[in-house]
Protein chains: 2
Amino acid sequence: MSRHTLASLASELGVSRQTISNVLNAPHKVKPATRERVQAAIAAAGYRPSAAARQLRTQRSMNFGMRLFPATDGINGAILDRFLHALTEAAQSAGYRLTLFCADSDEEEVRQYEQLLDVAGLDGFILTSSRPDDVRTHWLGERGTPFAVFGRPWDAAGHSAPADHPWVDVDGAAGTEEAVRMLLTQGHSRIGFLGWHTGSPVGADRRQGWERAMTAAGHGQDLHVLGVEAEDTVAGGASGAALLASRGATAMVCSSDSLALGAMEKLREAQPGAFLSGQPAGPAGRAAIVGFDDTPVAAALGLSSVAQPVEEAARHIIGLLTHELAGKAAAARSGAGAPPARQLLLAPRVVERIPLPLASPGPS
Amino acid sequence: MSRHTLASLASELGVSRQTISNVLNAPHKVKPATRERVQAAIAAAGYRPSAAARQLRTQRSMNFGMRLFPATDGINGAILDRFLHALTEAAQSAGYRLTLFCADSDEEEVRQYEQLLDVAGLDGFILTSSRPDDVRTHWLGERGTPFAVFGRPWDAAGHSAPADHPWVDVDGAAGTEEAVRMLLTQGHSRIGFLGWHTGSPVGADRRQGWERAMTAAGHGQDLHVLGVEAEDTVAGGASGAALLASRGATAMVCSSDSLALGAMEKLREAQPGAFLSGQPAGPAGRAAIVGFDDTPVAAALGLSSVAQPVEEAARHIIGLLTHELAGKAAAARSGAGAPPARQLLLAPRVVERIPLPLASPGPS
DNA sequence: CGCACAAATTTGATCGATCAAATTTGCGGC
DNA sequence: GCCGCAAATTTGATCGATCAAATTTGTGCG
């Protein structure tokens with residue numbers, strides 16, 4: 001256990017505390033020879049400066065906070081794992097740590113911000129789901145606390161609205177658009193959309209991509225018939241898929257993997273082996289259903305799905321925060337790297353899969 | 001923003017720093033009248049003591065650390081969400097915070113412990129998957145760092161081994177045992193077990209419960225035939241289920257929801273509507289497949305599954321850590337509550353579900 | 001009334017780092 | 001050899017709390 005302190009190391013080495021401190025924080029201020037000698041001693045002793053002492057003096061905790069939502073649907077929330085891991089990793093390699101907290105509501109979340117800022121001195125926050133007229137971003141913005149949001153800002157009407165705080169989001173419309181294009185090249189033309197019955201802006205965005213791609217391909221006439229809404233559950237997906245099938249859809253793009261899973265189950269049952277394999281219109285072995293979020297379930301079942309680049313989003317968010325925090329102190333000094341885009345819309349990627357060939361044998 | 005400090009509040013109030021400090025940390029030392037006056041002032045000013053200053057003096061960070069594993073399988077890792085949320089919540093209400101970190105290996109994890117102890121002064125760690133001959137528990141134990149494990153200790157041979165560190169685990173065997181009993185009362189007798197082909201102690205434990213229940217029910221003769229191992233994937237589950245079915249199994253208990261899902265898909269395809277509804281032996285509407293972990297997928301598909309009480313486990317783990325840390329200082333003083341069990345094996349619960357009736361109509 | 005002794009409160013030192021200012025060292029030039 | 005000036009290093013103060021010891025206040029009793 002390294003019971004070392006600046007003072008102890010300093011006296012052992014025959015230099016002053018401040019010199020060691022400078023070696024760590026402002027190496028250029030120290031003569032190369034001394035610097036190297038000190039660095040060697042630091043390494044040998046395994047000395048690590050105490051974050052608490054540092055924080056007390058500098059008023060920086062090197063700590064970001066993030067609210068953990070209760071596991072809601074779960075099947076979709078599954079990408080949270082990936083996001084959280086990527087965040088932690090990125091924060092870690094930037095020298096920051098990540099502190100979690102819980103809250104029952106947005107108001108409670110704001111109360112937690114206040115407390116965590118006072119008590120733990122967090123340097124910034126990561127918000128995960130932006131809502132129309134978000135109270136949290138207002139509060140943080142007014143207070144001047146650094147933060148970055150995963151999710152673009154929506155106005156009260158649920159439309160994408162300009163805002164000057166940093167955010168990263170995934171372009172859902174681009175995702176569904178690409179999904180439609182994939183299905184088109186497979187030979188489908190009556191491609192349905194299976195969305196949420198809640199009027200969420202995210203859902204509207206995903207639907208828009210489908211509409212855009214269908215219209216562009218000249219299939220814009222039946223959009224009102226081929227766009228269906230259901231509860232975001234497997235059961236909802238099943239019933240929605242039945243409706244779409246009855247209206248002649250040969251393929252469908254879904255707002256979530258839950259819906260897609262329900263659709264898949266339903267259609268597999270209705271036309272065993274046929275529809276799912278890309279029939280009737282597509283080449284054999286291609287899925288005619290595309291989900292959203294590329295959850296582990298989709299991967300397990302061989303369901304095509306729109307994958308969000310959450311790792312990239314996480315890294316960018318950390319980049320935004322660290323840039324802002326570093327900038328405050330050392331902006332013009334070192335010139336730094338190019339600042340990360342304050343608003344970034346990432347393109348998702350359609351993962352095309354071949355449904356599991358369950359008919360074949362092969363026991364272990 | 002509450003720019004308040006002990007000293008500032010003290011002078012405003014006309015008392016000394018230490019009195020305020022005592023009101024917060026040792027109220028009994030302060031005369032009731034003063035105490036109330038100070039408490040009122042604290043509330044009015046919204047004063048909150050700085051964690052950094054406190055930590056510097058007391059050497060306590062009120063912070064626990066936990067390693068975040070990379071999202072591996074995912075479909076099973078899904079219970080991590082619940083666990084993490086429960087941990088955070090429990091820690092929060094005990095006045096602690098939770099810090100996450102990443103590591104590529106157990107050795108790296110130990111290195112992170114060392115660093116986090118030195119730098120951030122974490123008070124304890126939560127470990128999530130115990131392994132045979134765990135290097136991490138050794139290291140922490142020798143160093144005397146408080147920690148608690150979710151997962152019982154295994155010896156090098158993969159058997160449950162005594163150890164004196166605090167841990168909580170879920171009794172997997174009891175879970176599969178109960179699952180078997182449920183299937184027995186449904187009328188099944190040829191109940192198969194579909195496990196992992198890796199020799200993991202957790203898997204062995206789950207299999208044991210099945211063996212025990214089968215033997216107790218007088219069906220112990222065909223265990224070697226009805227116990228099958230496969231890769232822990234949906235495909236593995238499908239092939240394993242095919243094998244079991246060919247050997248006359250009418251029901252099966254699986255080591256994971258992935259396997260169960262594969263089995264379900266396979267059997268639904270092989271005997272549409274029949275097997276899954278509890279046929280041939282069980283009453284209609286009952287599932288003849290039971291998974292493990294009760295992931296959201298199982299819930300979504302109406303798959304019965306053995307549910308781990310992860311929330312309870314998380315709360316107990318926090319209880320263990322806080323007790324140990326409080327105990328160090330105030331053990332005999334206040335008498336405290338009964339100490340939480342240092343080793344605890346929680347019983348899981350079988351969630352019985354009726355498979356989704358996909359055949360019925362009902363579009364939105 | 002005063003004294004002993006406990007209860008209540010205050011004061012000075014400290015945790016381990018950084019900041020700001022003071023001091024010492026190094027070096028070229030006259 | 002001495003001066004000035006920049007580079008390198010050191011010193012004292014400080015962040016905001018708690019600890020330990022000192023001091024003041026309060027109470028019972030001879």
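Each chain gets a letter, A, B and so on, in the order the sequences are listed, and its residues count up from 1.
- A sub-4.0 Å separation between OP1 or OP2 of dA8(C) and a side-chain N or O of Asn22(B) is absent.
- In terms of polar N and O atoms assigned as donor or acceptor, the side chain of Arg17(B) comes within less than 3.5 Å of the base of dG12(C) in a complementary pairing.
- Residue Thr58(B) has no polar side-chain atom (N or O) positioned under 4.0 Å from OP1 or OP2 of dC15(C).
- One atom, NE2 of His4(A), and another, P of dA17(C), lie 11 Å apart when rounded to the nearest Å.
- Using modelled atom types, one finds no donor on one side chain facing an acceptor on the other under 3.5 Å when comparing Thr5(B) with Ser8(B).
- Ser16(A) has a side-chain polar atom (N or O) that falls below the 4.0 Å cut-off from OP1 or OP2 of dT10(D).
- Residue Ser21(A) places at least one side-chain N or O under 4.0 Å from the OP1 or OP2 atom of dT18(C).
- When the C1' atom of dA8(C) is taken as reference, atom NE2 of His28(B) falls 12 Å away, rounded to whole Å.
- Between His28(B) and Arg35(B), the shortest heavy-atom contact is CA-NH2, 4.4 Å.
- One atom, CG of Asp118(B), and another, C1' of dG16(C), lie 13 Å apart when rounded to the nearest Å.
- As a whole-Å value, the separation of Leu24(B) CG from dG16(D) P is 16 Å.
- With DNA chain C read from its 5' end, the first of the two nearest nucleotides for Leu56(B) and Lys31(B) is the one closest to Lys31(B).
- Contact annotation: Thr19(A) side-chain N/O to dA8(D) OP1/OP2 distance is not under 4.0 Å.
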Report task. Go through the steps to decide whether Gln55(B) and Gln59(B) satisfy the test side-chain hydrogen bond (donor to acceptor under 3.5 Å, both in side chains), and finish with yes or no. Result -> CA-CA 5 Å; Gln55(B) 176 182 350; Gln59(B) 308 287 20; over 6 Å; no

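- A distance-only check finds a donor-acceptor pair linking the side chain of Asn25(B) to the backbone of Ser21(B) [under 3.5 Å].
- Looking at Gln18(B), its side chain comes within 3.5 Å of the base of dC19(D) through a donor and an acceptor atom.
- Atom CZ in Arg54(B) sits roughly 10 Å away from atom P in dC19(D) (whole-Å rounding).
- A sub-4.0 Å separation between OP1 or OP2 of dT14(C) and a side-chain N or O of Arg57(B) is absent.
- Residue Thr5(A) has a polar side-chain atom (N or O) positioned under 4.0 Å from OP1 or OP2 of dA17(C).
- Straight-line distance from the CD1 atom of Ile20(A) to the P atom of dT11(D): 13 Å, rounded to whole Å.
- Backbone-only contact: Gln59(A) has heavy atoms under 4.0 Å from sugar-phosphate atoms and none from a base.
- Between the P atom of dA21(D) and the NZ atom of Lys29(B) lies a distance of 12 Å, rounded to the nearest Å.
- A straight line from CG of Leu9(A) to P of dA17(C) spans 9 Å, rounded to a whole angstrom.
- Annotation: cation-pi pair Arg111(B)/Tyr113(B) absent, no NZ/CZ under 6.0 Å from the ring centroid and within 45° of its normal.
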